[in-house]
S.K.: 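Sharing a structure, written as structure tokens. Questions coming.
Quantities reported herein were computed from a predicted structural model and do not represent experimental measurements. In listed order, ligands and their atoms are each counted from 1. The residues of the chain are indexed from 1 along the displayed sequence. The figures that follow rest on heavy atoms only: side chains count, while hydrogens, waters and symmetry mates do not.
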Amino acid sequence: MPRQLRIAPSILSSDFSRLGEEVTAVANAGGDWIHLDVMDGHFVPNITFGPPIIKTIRNASDKVFDCHLMIAPADPYLSDFADAGSDIITVHAEAGLHLDRSLQAIRGLGKKAGVAINPATPVDIIQNVLDRVDLILLMTVNPGFGGQAFIPAVLDKIRAVKAMVGDRDIDIEVDGGVTTETAPLVVAAGANILVAGSAVFKGGTPDAYKKNIDAIRSAALAAQS
Ligand code: DX5
Ligand code: ZN
């Protein structure tokens, strides 16, 4: 039985001048989770937002807040992101020396724990933390920006992680360059959580968001075995 397919719009591609409205709109348009791309200008070459902004938009939707921390170090800030309303907190395996401790800390805060790996990072890095995670995020672009081209080489990594996970209760999330064209590829490889920014927010209206989400979902469902 395949795991439930979910579409997680990344608000990085939304209109930041109306962030609360955009979160409500994309949630009402069918987004299953809200993907929050936190960037510190150190781990990635871009800066976005932190806990105060997440706290501000928390009441814009009751959908799962899927918080992707592209920050290093992450440990000092985990409780702030938890207090701000994150439901899932994902740290990069590359962002610190003590990944097992970071993941335990996230669960200790009562949140679901995720681990993310960049395109060039071998999947072996997560082999020893499978019992510490609820989600594995595979970057299909180099982190920092929306609207980049999908990296097809990551498809083999998705297949490898799917095999590693087996029947464990772990979601496999793909993030970057997800469109109606690439969605079926990543789902066929084993992903069930699809993050999409530019492919969802293109068109700039709630009607467009719904059309875009529906198109990505139907393309993905067609590939679910
Ligand atoms: C990139 C972020 C992604 C990005 C996805 O560092 O982690 O979530 O916003 O944007 P698209 O879907 O436009 O590639
Ligand atoms: Zn992301």
Side-chain angles (χ1 to χ4, degrees), residues 5-16 19 22-23 26 29-50 53-54 57 63-72 74 81 86-95 106 112-121 133-155 157-158 171-187 191-204 208-209 211-213 215-217 219-220:
L5 179 79
R6 291 188 170 91
I7 309 296
S10 161
I11 62 169
L12 183 65
S13 300
S14 70
D15 176 352
F16 274 20
L19 197 51
E22 291 276 77
V23 169
V26 82
D32 296 304
W33 292 357
I34 304 297
H35 187 77
L36 309 171
D37 283 315
V38 178
M39 302 180 186
D40 65 358
H42 169 63
F43 181 70
V44 293
N46 197 359
I47 298 175
T48 55
F49 50 80
I53 297 293
I54 294 172
I57 61 175
K63 294 283 175 79
V64 166
F65 270 20
D66 172 35
C67 190
H68 177 193
L69 297 184
M70 289 164 274
I71 67 174
F81 283 102
S86 305
D87 298 293
I88 303 167
I89 299 176
T90 296
V91 293
H92 268 262
E94 308 93 343
I106 293 169
K112 290 202 168 188
V115 59
I117 54 175
N118 288 327
T121 303
V133 296
D134 306 288
L135 178 135
I136 297 168
L137 187 164
L138 291 118
M139 291 303 298
T140 37
V141 296
N142 290 298
F145 304 93
Q148 299 180 85
F150 179 86
I151 300 174
V154 180
L155 288 170
K157 292 176 63 179
I158 300 169
D171 283 316
I172 297 176
E173 184 173 67
V174 165
D175 186 3
V178 173
T179 64
T180 50
E181 288 75 35
T182 57
L185 305 178
V186 301
V187 167
N192 69 297
I193 312 288
L194 308 186
V195 174
S198 47
V200 167
F201 284 98
K202 68 183 179 187
Y209 303 163
K211 191 169 64 64
N212 296 335
I213 291 171
I216 294 168
R217 193 186 308 278

S.K.: Considering the heavy atoms of P143, write down every atom of ligand 1 situated less than 4.0 Å from one of them.
M.R.: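 This gives 6 (O) as the contact atoms.
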
S.K.: Polar contacts were defined as any N/O atom of the residue lying under 3.5 Å from an N/O atom of the ligand; does this apply to V195 and ligand 1?
M.R.: no

S.K.: Could you tell me, atom by atom, which parts of ligand 1 come under 4.0 Å of a heavy atom of H35?
M.R.: 8 (O)

S.K.: Please state which part of S10 comes within less than 4.0 Å of ligand 1, counting heavy atoms only: side chain, backbone, both or neither.
M.R.: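 Just the side chain.
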
S.K.: Main chain of T121, side chain of K157: is a donor-acceptor contact present, judged purely on distance under 3.5 Å?
M.R.: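 Checked: pair present.
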
S.K.: Test your reading of the model: is there a side-chain donor-acceptor pair from T140 to the backbone of P119, 3.5 Å cut-off?
M.R.: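 Side chain of T140 to backbone of P119, a donor-acceptor pair under 3.5 Å: no, none is there.
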
S.K.: Is D175 reaching over with its side chain to a backbone N or O of V195, donor-acceptor style, under 3.5 angstrom?
M.R.: no

S.K.: Do the rings of Y209 and F201 sit parallel, tilted or perpendicular, given the 30° and 60° boundaries?
M.R.: perpendicular

S.K.: Looking at E94 and N118, would you say the former's side chain and the latter's main chain have a donor-acceptor pair under 3.5 Å?
M.R.: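 Answer holds: yes.
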
S.K.: Report yes if N142 has an N/O atom closer than 3.5 Å to an N/O atom of ligand 1; otherwise report no.
M.R.: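 The answer is no, given that N142 and ligand 1 share no N or O pair closer than 3.5 Å.
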
S.K.: Just need the protein heavy atom nearest to atom 5 (C) of ligand 1, so name the residue and atom and give the distance.
M.R.: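 Ranking protein heavy atoms by distance from atom 5 (C) of ligand 1, first comes D175 OD1, 3.7 Å.
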
S.K.: Has ligand 1 got any nitrogen or oxygen that is less than 3.5 angstrom from a nitrogen or oxygen of M39?
M.R.: no

S.K.: Using non-hydrogen atoms of the residue, decide whether A199 is closer than 4.0 angstrom to ligand 1.
M.R.: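 The answer is no, since A199 has no heavy atom less than 4.0 Å from ligand 1.
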
S.K.: Looking only at heavy atoms of F145, does any of them come nearer than 4.0 Å to an atom of ligand 1?
M.R.: yes

S.K.: Will you find, in the side chains of D37 and S10, an N or O donor that is under 3.5 Å from an N or O acceptor?
M.R.: yes

S.K.: Has the side chain of D32 got a donor or acceptor atom that lies under 3.5 Å from a matching backbone atom of I7?
M.R.: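 Yes.
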
S.K.: Would you say Q148 has any N or O atom under 3.5 Å from an N or O of ligand 1, going by distance alone?
M.R.: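 Between Q148 and ligand 1 (N or O atoms, distance only) the closest approach is not under 3.5 Å.
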
S.K.: Looking only at distance, does G176 have an N or O less than 3.5 Å from an N or O of ligand 1?
M.R.: no

S.K.: Below 3.5 Å, N or O to N or O, backbone or side chain included: is there any such pair between G144 and ligand 1?
M.R.: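 Right, the criterion is met.
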
S.K.: Considering heavy atoms of the protein only, find what lies nearest to atom 14 (O) of ligand 1 and give residue, atom and distance to 0.1 Å.
M.R.: G177 N, 2.8 Å

S.K.: Look at atom 12 (O) of ligand 1 and say which protein heavy atom is nearest, naming residue and atom and giving the distance to 0.1 Å.
M.R.: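 So the nearest neighbour among protein heavy atoms is G197 N, 2.7 Å.
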
S.K.: In the protein, which heavy atom is nearest to atom 10 (O) of ligand 1, and how far is it?
M.R.: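 Here the closest protein heavy atom is G146 CA, 3.5 Å.
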
S.K.: May I ask you to decide if W33's main-chain N or O and D66's side chain share a donor-acceptor pair within less than 3.5 Å?
M.R.: no

S.K.: Taking the side chain from S86 and the backbone from F81, do they hold a donor-acceptor pair closer than 3.5 Å?
M.R.: yes

S.K.: Examine distances only and state if a side-chain atom of D171 and a backbone atom of L135 form a donor-acceptor pair shorter than 3.5 Å.
M.R.: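 A pair under 3.5 Å: no.
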
S.K.: Using a 4.0 Å cutoff against the non-hydrogen atoms of S198, which atoms of ligand 1 qualify?
M.R.: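 Close to S198: 11 (P), 12 (O), 13 (O).
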
S.K.: Nearest 10° is fine: what angle sits at the Zn ion (ligand 2) between OD1 from D37 and NE2 from H35?
M.R.: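 That angle is 90°.
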
S.K.: Are there over 12 heavy-atom neighbours, none belonging to K63, within less than 6.0 Å of that residue's NZ?
M.R.: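 Yes - once you tally the heavy atoms of other residues, nucleotides and ligands closer than 6.0 Å, there are more than 12.
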
S.K.: Can you sort out which atoms of ligand 1 are near L12, meaning under 4.0 Å from one of its heavy atoms?
M.R.: 9 (O)

